[in-house]
Number of protein chains: 2
Amino acid sequence: MNDRKYEIIEHLTAMLGASGVLHESGDCERYRRDWAGHELGAPLAVVRPKNTEEVAQVVGFCHEHRVCMVPQGGHTGLVKGALPDSRYPEVVISLERMTRIRHIDPLNFSMAVDSGCILEQVKRVAEEHDCFFPLSLGAQGSCQIGGNIATNAGGVNVLRYGMMRELVLGMEVVLPNGEIWNGMQALHKDNRGYNLQQLFLGSEGTLGIVTGAVLKLSPRPEQSQTALLALPSVEAAVRLYAQARRACSDLLSAFELIPRQCMELAFEASPQLSDPLDTAYPHYVLLELDATGPVDLAGMLEHLLEASMESEVVLDGVLASSGQQADQLWLIRESMVEGQLLRGEHLRTDVSVPISAISRCVEQATAAVSAIEPKATTIAYGHIGDGNLHINVLPPADMAKDQLSHLLGRLETAIFEVVDRCDGSISAEHGIGRSKQEALLARSSETELKLLAGIKAVFDPHHLMGAGRILPSTGEAS
Amino acid sequence: MNDRKYEIIEHLTAMLGASGVLHESGDCERYRRDWAGHELGAPLAVVRPKNTEEVAQVVGFCHEHRVCMVPQGGHTGLVKGALPDSRYPEVVISLERMTRIRHIDPLNFSMAVDSGCILEQVKRVAEEHDCFFPLSLGAQGSCQIGGNIATNAGGVNVLRYGMMRELVLGMEVVLPNGEIWNGMQALHKDNRGYNLQQLFLGSEGTLGIVTGAVLKLSPRPEQSQTALLALPSVEAAVRLYAQARRACSDLLSAFELIPRQCMELAFEASPQLSDPLDTAYPHYVLLELDATGPVDLAGMLEHLLEASMESEVVLDGVLASSGQQADQLWLIRESMVEGQLLRGEHLRTDVSVPISAISRCVEQATAAVSAIEPKATTIAYGHIGDGNLHINVLPPADMAKDQLSHLLGRLETAIFEVVDRCDGSISAEHGIGRSKQEALLARSSETELKLLAGIKAVFDPHHLMGAGRILPSTGEAS
């Protein structure tokens, strides 16, 4: 193997120059690990192409020599999809040097970018042109557009603007055989046969490497209103959502369920935060309205609050009176995620169910967890306007490490079974990668798996790209 | 052949009963023809299954015996995709008896239906539950949901609510081998591997027969405002669009460009109509705002009108003061299509370009038509917020029929070349079917065609379903 490895590195270096190829263990270090600190093995090498042609050259070479490849973005994935594997040594193809804003066309509400652009950079450039790229994620300071496309990213604004699937007009992809597919059109409507673009969206780097994209922009919101409302139950939050959709036209851009335990976790992580309300309540909803033009958002929100308090859906609430106060409310949402991390290893899920089944799902999942481990704490929060819940479990603090991993596995299985009974999905926005593969396969019909494998074979018959992600690898690679 | 034909009919009749299978020439008559009166040949038979299982049985039988099939909805397609062909005799599978509303869940903003439901029926049922299914088309009184999905239908509300691609949460499909793919989830977010649903959307019945769908609903709009604004140029209309997006938040639901000639055509078709403005202007925009909740839409629209008149983007305008007056304005939009039909055979196109290129595209297309036939009239109208133009041409009235078809072909080629230069699409919303196949193939790279053919082969290796639509048939069917 070693001879072959050095031969490959030599060829790649001849293509990209020394700065384009990393292979020393220390240099490769940071490409082995994701945001959460997981790692699965060392890459054969890391290549850092500067443009689409270089990506195509590298991929063509790997294809010809049956070398496995894995595209890599900002290391913020949550399902171990972009981590190199040492079972079948992989060349990591990092898009980090492809960060060019290719073109912005405010009249067409579109923007063409390299796929290595950081989401935050894209959002900033859009704003400079009085436009808005609505994808909004915790990881936006480091995640890349290519990764957002590969995983069909979601986030807090899906409610109003859709997932990445609805935010991409065009795409450029290097296929697993090194050919370039040019679909960089900037068209808002296009009905020309099978939509390849939609197939790449959410394919997690297993059908090709996205090298460029045309993004769909919106007008930049000129005003926004944020509120934290207190509620007696999850059921009430679901009813409030239906009420809010009707009371606020299509101007609702976020609607986040936060249980009391999450509020406490936020206070643990950010001691400077204080409870925005005088009393503790079982649940909260953090919601945001955005608008351009002459709309009385504050009046709209007050109207909603009055009506929902009258019908006893909402018990109490605070409307942010300044941008700073709105930021404080959003800090609760961010800090509660950190608060969970501070508690150490715990179970994180990312499920979706019909909105009308949310309350039942949370209730049954909480009961299922308690039945297995009465001392565990179940917290269910998330983007409930999308039916998307993160039902997480904090284990008892005193549990031994070897017991813990077994427990978390059992809890996940139990929660997934509840989700199945609610006709839900075991992956709402994080994708499948390697972490959810087993759960996906167990829930897919033979008919479906045959189609998925057939599609993979059309694009990548030798299973060279992203092998073993989503579908098991049946590759012939070395 | 005839022996085989009767054997097939006998088998199908045994499956579906006599009322489920039509084969006499008179009975099959209306399944041979589309809305525009085109026909290509007689079907082998027409089957009318009552449920998904019957569809699966019929398809399974046809697959086993290598009989070609074509799914058929409401006969409103514009690219000859659903017409049976006599080159390779086809069984027409009509979904017209599958019209069940399976389930409506207002809390989840979703609705599960049989694919044979008429769009108007679906819209009505949604409204009865205080919800709204936004797809809005001229053909909505006869087109079926299955056809809307197969062709990824567009219409006047795409601007705000998206095409059919964005309005479907789940789907049930009978595959070309007779297996049923069950993807009837009612989830607003679901990231489980390759999205098959998106692949069926726009596949025009060549990858499977949609038998059921879960549709995404919105709150029912409580108020709307309609206006007809007069403008000096197409360029001004594009600038007005950018202005209106910003001045009207996301509440703009339609934005239609209408040139003066179209106004005249509307008056020809509907003599009861009168010019809503005192003077004739070169161009008009018909726009609509919809909202739920406390929004001052009229104020918003007046504000836009003032600002746009001040900047001389708009010259004059009328705001509908009642629902009846709004209907009158929309009648112009509908009548202008009829007005074109009254002029006899003419060229209809359905193209899209970046919004910023609309003005250039219209100018160059008009010039290209004039260069070929100075006496022809080019009219360009459409959903310009989507970059979607119908650049149609009315030929000189006195032209001989045999010259006419040659001329229309030349004009289409010339217009498509202009669209190519504007980086546009030769099919924005009507699809490919048979009519646009040649134009599609001429514009697709080898790389792309290989992928499209590969996908077709995964679903339908024998080219039995919708053979010859989108891609040329290379089938082995009898």
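Keep in mind that this is a model prediction, so the values were computed, not measured. When reading the values below, keep in mind they use all heavy atoms of this one structure, side chains included, and skip hydrogens, waters and symmetry mates. Chain identifiers are assigned alphabetically (A, B, ...) following the order of the sequence lines, protein sequences preceding nucleic acid strands; residue numbering begins at 1 within each chain.
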Which atoms of [X] are under 4.5 Å from chain A, going by heavy atoms: the side chain, the backbone, both sets, or neither?
X        : result
B:Glu179 : side chain
B:Cys131 : both
B:Met300 : both
B:Arg160 : side chain
B:Leu159 : neither

Ignoring hydrogens and angles, state whether a donor on the side chain of B:Asn191 or A:Ser427 is under 3.5 Å from an acceptor on the partner side chain.
->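 Absent: no donor and acceptor within the cut-off.
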How about [X] and [Y]: do any of their side-chain heavy atoms sit closer than 4.5 Å?
X        : Y        : value
B:Leu201 : A:Gln198 : no
B:Asp250 : A:Tyr161 : yes
A:Asp423 : B:Met184 : no
B:Tyr241 : A:Phe109 : yes
B:Val458 : A:Val458 : yes
A:Asp296 : B:Pro294 : no

At a heavy-atom separation under 4.5 Å, does [X] approach chain B through its side chain, its backbone, both, or neither?
X        : value
A:Ala242 : both
A:Ile180 : backbone
A:Leu175 : side chain
A:Ser444 : neither

[options]: which one forms the most heavy-atom pairs within less than 4.5 Å of chain B?
options                                : result
A:Ser218, A:Ala247, A:Pro354           : A:Pro354
A:Gly387, A:Gly154, A:Gly431           : A:Gly431
A:Glu429, A:Gln185, A:His188, A:Glu204 : A:Glu429

Quick one: salt bridge (Lys or Arg N to Asp or Glu O under 4.0 Å) partners of A:Asp386, sequence neighbours excluded?
->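 Testing A:Asp386 for salt bridge (Lys or Arg N to Asp or Glu O under 4.0 Å), a comparison that skips the adjacent residues, returns B:Lys189.
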For B:Asp130, salt bridge (Lys or Arg N to Asp or Glu O under 4.0 Å) partners two or more places apart =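 B:Asp130: salt bridge (Lys or Arg N to Asp or Glu O under 4.0 Å) contacts with A:Arg246, B:Arg220.
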Non-neighbouring partners of A:Ala150 that pass side-chain contact (heavy atoms from CB on, under 4.5 Å), sequence neighbours left out |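 None.
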Chain B-proximal positions within residues 446-456 of chain A [heavy-atom distance under 4.5 Å] =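 Within residues 446-456 of chain A, near chain B: A:Thr447, A:Glu448, A:Lys450, A:Leu451, A:Leu452, A:Gly454, A:Ile455, A:Lys456.
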